[in-house]
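The structure appears right after this line, and notes come after that.
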Amino acid sequence: MKSITLTISLLFFIILTTFGQENIAQLSKFKYFSKDSVESRRYYNFSLKHLGVKNGEKVASIGAGNGNNEIQIAIQMENVDFTLQEIDTSSLNSIIFNQIKNYYEKIIGRKINNPFSIIIGNENQTNLLPDTYDRIIVLNTYHEVTDRQSIMSDIGRSLKKNGIVVIMESIARKKGQRHQGCNHPKLWEADFISEMQGFNFKLISRYQHKKSISQIFYTFERTQN
């Protein structure tokens with residue numbers, strides 16, 4: 001999935017830097033972008049609200065890509081402080097992010113005033129601030145993390161006391177299934193939950209929108225510091 005996101009982000013970068021802000025409407029041609037405020041609200045209700053983000057929270061998003069999803073959450077939650085984390089500056093940088101934010105401000109007809117910050121990590125470190133976040137979201141990214149133990153330890157240190165982690169993944173229906181695009185193996189649910197327990201995270205809720213949809217939202221809390 002992230003390989004697809006990276007390719008699309010590079011394409012966005014070319015569009016944005018070549019044609020300028022007046023052509024930002026071209027983004028609505030891509031299925032990853034809501035074409036209007038109604039579609040954005042529908043997407044939020046169908047998917048993003050199950051990340052559980054609440055007004056007043058400090059939220060970090062691991063593997064945030066270009067920030068499209070987080071901006072759409074911000075449209076619905078105006079009092080949330082976001083930190084966007086990525087490992088690739090060609091996927092997430094201030095130019096791409098600000099142009100995408102401008103696009104959404106145009107289709108909703110108002111400014112998006114939520115604080116946003118960008119942090120670049122690496123395969124072994126998130127570089128997030130310690131003891132800072134109420135909620136850390138990992139949206140369709142966990143399956144691509146190569147050093148999960150280091151990253152989850154880092155995430156644990158970055159959470160406030162009683163902070164939670166929400167991981168959304170497309171779960172395998174049979175062992176050996178792979179994601180389209182990135183070709184990484186899909187997670188097998190029992191193994192995934194056991195792995196998280198080994199990283200000192202306890203599953204506290206699981207949400208699946210429909211039985212026919214494999215994307216599932218898992219909420220975890222730390223079992224120890």
Side-chain angles (χ1 to χ4, degrees), residues 1-13 32 51 58-71 82-97 100 116-160 163-172 175-189 191-203 215-225:
M1 179 66 182
K2 288 186 72 178
S3 60
I4 295 175
T5 302
L6 176 57
T7 300
I8 292 171
S9 294
L10 290 172
L11 179 58
F12 292 156
F13 184 82
Y32 296 93
L51 293 166
K58 289 183 70 69
V59 176
S61 180
I62 304 296
N66 50 43
N68 173 47
N69 286 305
E70 293 75 16
I71 291 171
F82 286 94
T83 296
L84 309 182
Q85 189 271 357
E86 254 296 344
I87 66 173
D88 192 333
T89 56
S90 65
S91 178
L92 180 64
N93 60 64
S94 59
I95 295 175
I96 289 177
F97 175 77
I100 293 171
F116 282 92
S117 58
I118 292 174
I119 289 179
I120 301 301
N122 56 53
E123 293 184 353
N124 310 109
Q125 288 182 298
T126 65
N127 288 333
L128 295 177
L129 297 173
D131 303 312
T132 299
Y133 306 99
D134 301 289
R135 184 181 305 265
I136 295 179
I137 60 177
V138 188
L139 185 58
N140 201 30
T141 297
Y142 185 87
H143 66 275
E144 293 192 23
V145 176
T146 55
D147 187 354
R148 292 174 183 168
Q149 183 166 10
S150 294
I151 293 300
M152 293 312 302
S153 294
D154 217 14
I155 285 175
R157 288 191 293 270
S158 299
L159 288 169
K160 293 179 181 178
I164 60 174
V165 177
V166 185
I167 297 176
M168 190 284 284
E169 277 290 335
S170 179
I171 297 297
K175 286 199 172 184
Q177 278 188 316
R178 290 182 175 270
H179 288 266
Q180 292 184 350
C182 72
N183 202 39
H184 285 262
K186 288 189 174 185
L187 300 177
W188 187 249
E189 185 173 74
D191 293 345
F192 165 55
I193 293 172
S194 177
E195 182 175 76
M196 290 295 290
Q197 289 173 342
F199 299 151
N200 300 318
F201 284 92
K202 176 185 176 182
L203 180 68
Q215 291 184 344
I216 304 176
F217 296 79
Y218 299 89
T219 302
F220 296 90
E221 63 181 7
R222 288 179 297 176
T223 56
Q224 64 184 57
N225 291 321

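Residues take their numbers from the sequence shown, with the count starting at 1. Everything numeric here is computed off the predicted structure, so don't read it as measured data.
In this structure, the side chain of Glu221 does not engage the main chain of Lys202 through any donor-acceptor pair within 3.5 Å. The main-chain N or O of Lys58 is found under 3.5 Å from a side-chain atom of Asp134 such that the two form a donor-acceptor pair. Side-chain atoms of Arg135 come within 3.5 Å of backbone atoms of Leu51 as a donor-acceptor pair (strictly under, hydrogens ignored).
Legend: residues meeting ring-ring contact (aromatic ring centres under 6.0 Å, His included) with Phe82, ordered by chain and number and at least two apart, are Phe116. Among residues two or more places apart in sequence or in another chain, the side-chain hydrogen bond (donor to acceptor under 3.5 Å, both in side chains) test is passed with Asp154 by Thr126, Arg157. Residues forming a side-chain hydrogen bond (donor to acceptor under 3.5 Å, both in side chains) with Glu70 (at least two apart in sequence, or on another chain): Ser61.
Heavy atoms only, all atoms of each residue included: Tyr133 and Leu129 are closest at CE1-O, 3.5 Å. The two residues Ile155 and Ile62 have their closest heavy-atom pair at CD1-CG1, 4.0 Å. Across Leu128 and Ser158, no two heavy atoms sit closer than the pair CB-OG, 3.4 Å. Looking at every heavy atom in both residues, Asn127 comes nearest to Gly121 through ND2-CA, 3.4 Å. For the pair Tyr218 and Ile171, the tightest heavy-atom approach, listed with the atom from each and the gap, is OH-CG1, 3.2 Å.
Rounded to the nearest 0.5 angstrom, Asn68 CG and Leu92 CG are separated by 12.0 Å. Between the NE2 atom of His179 and the CG atom of Asn140 there is a distance of 6.0 Å, given to the nearest 0.5 Å. To the nearest 0.5 Å, the span separating OG on Ser194 from CH2 on Trp188 amounts to 14.0 Å. Going from atom CD1 of Ile120 over to atom CD of Gln85 covers 7.5 Å, rounded to the nearest 0.5 Å. One distance of note links CG of Asn200 with OG1 of Thr223; it measures 4.0 Å at 0.5 Å rounding. Rounding to the nearest 0.5 angstrom, the gap separating the NE2 atom in His184 from the OG1 atom in Thr146 is 8.5 Å.
Screening Leu159, Ile164, Thr83 for a side chain to side chain contact (heavy atoms under 4.5 Å, CB included) involving Ile136 leaves a single residue, Leu159. For the side chain to side chain donor-acceptor pair (under 3.5 Å) test with His143, the passing option among Lys186, Arg178, Glu169 is Glu169; the others fail.
Taking 4.5 Å as the limit, every side-chain heavy atom of Met196 sits out of range of all side-chain heavy atoms of Leu203. Residues Asn93 and Ile95 are in side-chain contact: their nearest non-hydrogen atoms beyond the backbone lie under 4.5 Å apart.
Using modelled atom types, one finds a donor on one side chain and an acceptor on the other under 3.5 Å when comparing Asp147 with Ser150.
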* Where do Phe192 and Tyr142 land on the side-chain contact (heavy atoms from CB on, under 4.5 Å) test, with the steps shown first? -> CA-CA 10 Å; Phe192 165 55; Tyr142 185 87; 3.7 Å; yes
* Given Glu189 and Ile216, is the side-chain contact (heavy atoms from CB on, under 4.5 Å) satisfied, shown in steps? -> CA-CA 10 Å; Glu189 185 173 74; Ile216 304 176; 3.9 Å; yes
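By the 6.0 Å contact criterion, CD on Glu123 is open, its count of non-hydrogen atoms from other residues, nucleotides or ligands being 12 or less.
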